Q: 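Handing you a structure now.
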Number of protein chains: 2
Amino acid sequence: MSKLMKSWVESANSDKSPFPLNNLPYGVFSMGEEDPRCGVAIGNLILDVAYLEEEGVIVLDDEPVLDLPFWNEVMELGQATWADLRARLIDLLSEDGDPVLLDDIEMRSRAFVAMDEAQLHLPIVVSEYTDFYAGKQHAQNMGAILRGSPDLPANWLHIPIGYNGRASTVVVSGTDIRRPLGQTKAPDADMPSFGPTKRLDIELEMGAIVGANSAMGQPISVDQADAAIFGYVLLNDWSARDIQGWEYQPLGPFQGKGFGTTISPWIVTAAALEPFRAPTPEREKELLPYLAGSKDGLYDIDLEVLMQPEGALTATSLANTNYNRMYYSAAEQLCHHSIGGCAMNVGDLLGSGTISGPSRSEYGSLMELSWAGREPFMLETGEKRGFIEDGDTLTLRGTAKGDGYQIGFGDCVGTILPAISTPFETK
Amino acid sequence: MSKLMKSWVESANSDKSPFPLNNLPYGVFSMGEEDPRCGVAIGNLILDVAYLEEEGVIVLDDEPVLDLPFWNEVMELGQATWADLRARLIDLLSEDGDPVLLDDIEMRSRAFVAMDEAQLHLPIVVSEYTDFYAGKQHAQNMGAILRGSPDLPANWLHIPIGYNGRASTVVVSGTDIRRPLGQTKAPDADMPSFGPTKRLDIELEMGAIVGANSAMGQPISVDQADAAIFGYVLLNDWSARDIQGWEYQPLGPFQGKGFGTTISPWIVTAAALEPFRAPTPEREKELLPYLAGSKDGLYDIDLEVLMQPEGALTATSLANTNYNRMYYSAAEQLCHHSIGGCAMNVGDLLGSGTISGPSRSEYGSLMELSWAGREPFMLETGEKRGFIEDGDTLTLRGTAKGDGYQIGFGDCVGTILPAISTPFETK
């Protein structure tokens, strides 16, 4: 197991910090009215890498690529540059590296900001968003709940099933989510009705960020896909189960999913996660050869879901599971995404699918945790919940545990606002 | 019925020209090695509006917005600017308008290029692509073919059903399409197999281009949606039926659709189509009130599908139908797309769904025309076809017919290349 890399930034050396030198995740931040720009988390600080680039301490390209409100330009520079940047950051921040920052008091004072005083923004421009369905326990649970049988769809063990989601409503942690309006139909009703969803849910997922372009008509292999993934975020695929249930046949989820997807503020790079690689489980059916890869494609990342009602002093932990529970890896998903010739682009976001482990305390959605609301769960406040109520705050947390250190993503948080009372502005 | 508006560009006054003064569709063109820029079709010429903006003959904004390879910046300027631009173009090109261009021989010689010498490019940056399923005859045919019954899905008469497609493979007419690889499974096979699709198809659609942004959490009404549509293109939603058939349950089409979507080179503005508005058919079930609008949302546009095998001298006309056959309008679709709070953006592209009329000669896909290949159709070459073979060129054509003039989109054309023999580059 990999060990803590020590930094001269003291707060980064605590085994409680999600942001040790081993991590160095990438985000976008601003202070006050300043323009958002690229930053790197270290301990309880953010390193202003846009400033260091301006000072010539970090050089990635002829043009500045860090004084921007997204990491897409860095991704465009390619894998060698990603490695160079990480190596340079480790050199600048490690106890025994290049002292240029450590020794220059003025530069040091300008290069760091306190994380808790910064505003964090969406770290990438999301090109397109695709959501997958790679959790076997989740697929079985949904089958049992919705169709009365845990049998997997016939294609499930052969295809890393995915569908195109909506990029325009991917938001950063901390963005409030408005309860969506939509059509629903009770099983015994003659006609559908219109109104706020009554079955608002989360889906606990990891998001893989594609960092390389592939051409239309040119699929990429699992190994090429693995190398193309820039990093990972936590991802909450908010879902309106009743809207989804009425709309999704025959063409899949649409307005039941399109109102919001929240990602964590920090992108943990694939490089930082390298020590935590984990294998996919034994294949129950042999995969077609195009889905073969040479690396363990999952990661050992502990995941937690928490819920806090409005006004409550504490959040209740609802579920604990691990990303290594998935059946398909992000690299397999990305390869499959490209196999028909679909061009993949820098900034594409791939949701893993809901991550649920084998027991109820490991289920990654409220649909599963409350078994479609039939078996409500208890919060620490004494309240019962089947689905999300207005004012509830949902938090996803992820941690990869090394030897004396941990890797975090920053919490992935969203609070639910009441539905708007009339759908359209009157002008 | 509206009459021809006469232009001093003689070729625009022919009742055979798809590009009279009444039309003035927007495209992106280049000559030789020049950078692509915005142009307007008139007769057999393209008006170089980027040049006219540089000369100060067209003024839309403080910054140039036409010397760009997309129309998105013009769309961002809003509906009043769209109207101003159209009015200015009509003034510059009509027989009795502003003579500044007509009278300046040097400017005139620089401002026009021959359309058949220009390279046409994708006219917009496609933000996101959504495909709908609004053709009732098509939905019934697909039900009959795939499920043995023409009964519509339970939600079909209530929801303008749509799913998110893939923007990264939307291409302009003339771009070759490579036959996709993918997983398929024969009904009697134990395991899926991998290879080129054997059921490559088209879908005849119209594409609506969204020209205004709406915020996350803020739905727009049908009337607001109608006003937000910048214009229309022809759209071929290439489909691999066997890949789609194996993958689409439960989350909808994915790799069976993601390999390519072709649009016509010219965007015909909603303003140019205004005289051709047509009502949606009588509602068989009353729609929920949020889907109410005050305008006729369809357009009377004749549509044709043609197929030409490699080496054949002529194309065979396979089907003729009309956009006014649809059950839902683009404005209804756009309203529904936003109703859950999904943010809609300038450059979003909405496919109408396959347009099929009531008789077989009006069917907008080969799946329907050959009844899933069971009843192949004959080409003028004497060849039979169930689906598309390598080298076949498929063309969509659209015409709105006025009094002594017609409005066209430019052909929407694609030729099929053979599948690649090995899916991955070896390095």
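Below, chain A is the first sequence line, B the second, and so on; all start at residue 1. Please read all numbers here as calculations on a predicted model, not as lab measurements.
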Q: Kindly indicate whether the side chain of B:Met216, heavy atoms from C-beta on, has any atom under 4.5 Å from the side chain of A:Arg178.
A: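 The answer is no, as the side chains (C-beta and beyond) never meet within the 4.5 Å cut-off.
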Q: Quick check on A:Met344 against chain B: is it the side chain, the backbone, both or neither that has a heavy atom closer than 4.5 Å?
A: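 Interface part for A:Met344: both.
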Q: Which distance, rounded to the nearest 0.5 Å, do you find between the OG of A:Ser338 and the CZ of B:Phe259?
A: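 Atom-to-atom, A:Ser338:OG and B:Phe259:CZ are 14.5 Å apart.
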Q: Measuring heavy-atom distances to chain B, does A:Leu146 have an atom under 4.5 Å in its side chain, in its backbone, in both, or in neither?
A: neither
Q: So which atom in A:Asn164 and which in B:Pro253 form the shortest heavy-atom distance, rounded to 0.1 Å?
A: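 A:Asn164 and B:Pro253 have their closest heavy atoms at ND2-O, 4.5 Å.
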Q: Counting heavy-atom pairs under 4.5 Å with chain A, which one of B:His336, B:Lys285, B:Glu286 comes out on top?
A: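 So the answer, after comparing B:His336, B:Lys285, B:Glu286, is B:His336.
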Q: Please round to the nearest 0.5 Å and tell me the distance separating atom CG of A:Leu288 and atom CD of B:Gln183.
A: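 Reported to 0.5 Å precision, the distance equals 4.5 Å.
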Q: For the interface with chain B, which of A:Gly162, A:Ser127, A:Cys335, A:Gly341 has the highest count of heavy-atom pairs at distances below 4.5 Å?
A: A:Gly162
Q: Name the option with the most non-hydrogen atom pairs under 4.5 Å to chain A; the candidates are B:Gly182, B:Gly217, B:Ala167.
A: B:Ala167
Q: For each of B:His337, B:Gln249, B:Glu247, tally heavy-atom pairs with chain A at distances under 4.5 Å, and name the one with the top tally.
A: B:His337
Q: So for B:Ile177, is it side chain, backbone, both, or neither that comes closer than 4.5 Å to the heavy atoms of chain A?
A: side chain
Q: What part of B:Leu291 is in contact with chain A, defined as an atom under 4.5 angstrom from a non-hydrogen atom: side chain, backbone, both or neither?
A: side chain
Q: Heavy-atom distance under 4.5 Å to chain B: side chain of A:Ala419, backbone, both or neither?
A: neither
Q: Any side-chain heavy atom of A:Ile159 sitting closer than 4.5 Å to one from B:Trp246?
A: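 Yes, their side chains come closer than 4.5 Å.
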Q: State the CG-CE distance between B:Leu287 and A:Met191, to the nearest 0.5 angstrom.
A: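 It comes to 8.0 Å.
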Q: Between B:Phe254 and A:Tyr163 (judged by ring centroids, cut-off 6.0 Å), do the two rings come close enough to count as a pair?
A: no
Q: Go through the atoms of B:Ala154 and report whether side chain, backbone, both or neither lie under 4.5 Å from a heavy atom of chain A.
A: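 When you check distances to chain A, atoms from both the backbone and side chain of B:Ala154 fall under 4.5 Å.
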Q: When you check the gap from the basic side-chain N to the acidic O, do B:Arg166 and A:Asp348 get nearer than 4.0 Å?
A: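 Salt bridge between B:Arg166 and A:Asp348, a charged N being under 4.0 Å from a carboxylate O: yes.
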Q: Looking only at heavy atoms, what is the nearest atom pair of B:Pro423 and A:Ile339, with distance?
A: CB-CD1, 4.1 Å
Q: Hey, could you give me the OG1/CD distance between A:Thr169 and B:Glu128, rounded to the nearest 0.5 Å?
A: 7.5 Å
Q: How long is the span from the CD1 atom in B:Ile220 to the CZ atom in A:Phe424, to the nearest 0.5 Å?
A: 8.5 Å
Q: Measure the OG1-CG distance between A:Thr184 and B:Asn155 for me, rounded to the nearest 0.5 Å.
A: 12.5 Å
Q: Do you know which of A:Gly340, A:Gly252, A:Pro180 has the most heavy-atom pairs under 4.5 Å to chain B?
A: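 Heavy-atom pair counts peak at A:Gly340.
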Q: Side chains of B:His158 and A:Pro192: closer than 4.5 Å at any heavy-atom pair?
A: yes
Q: Taking the side chain as every heavy atom from C-beta outward, state whether A:Tyr248 and B:Pro250 have any atom pair closer than 4.5 Å.
A: yes
Q: With side chain to side chain contact (heavy atoms under 4.5 Å, CB included) as the test, would you mind laying out the steps for B:Gln255 and A:Cys342 before giving the verdict?
A: CA-CA 7 Å; B:Gln255 290 306 291; A:Cys342 182; 4.1 Å; yes
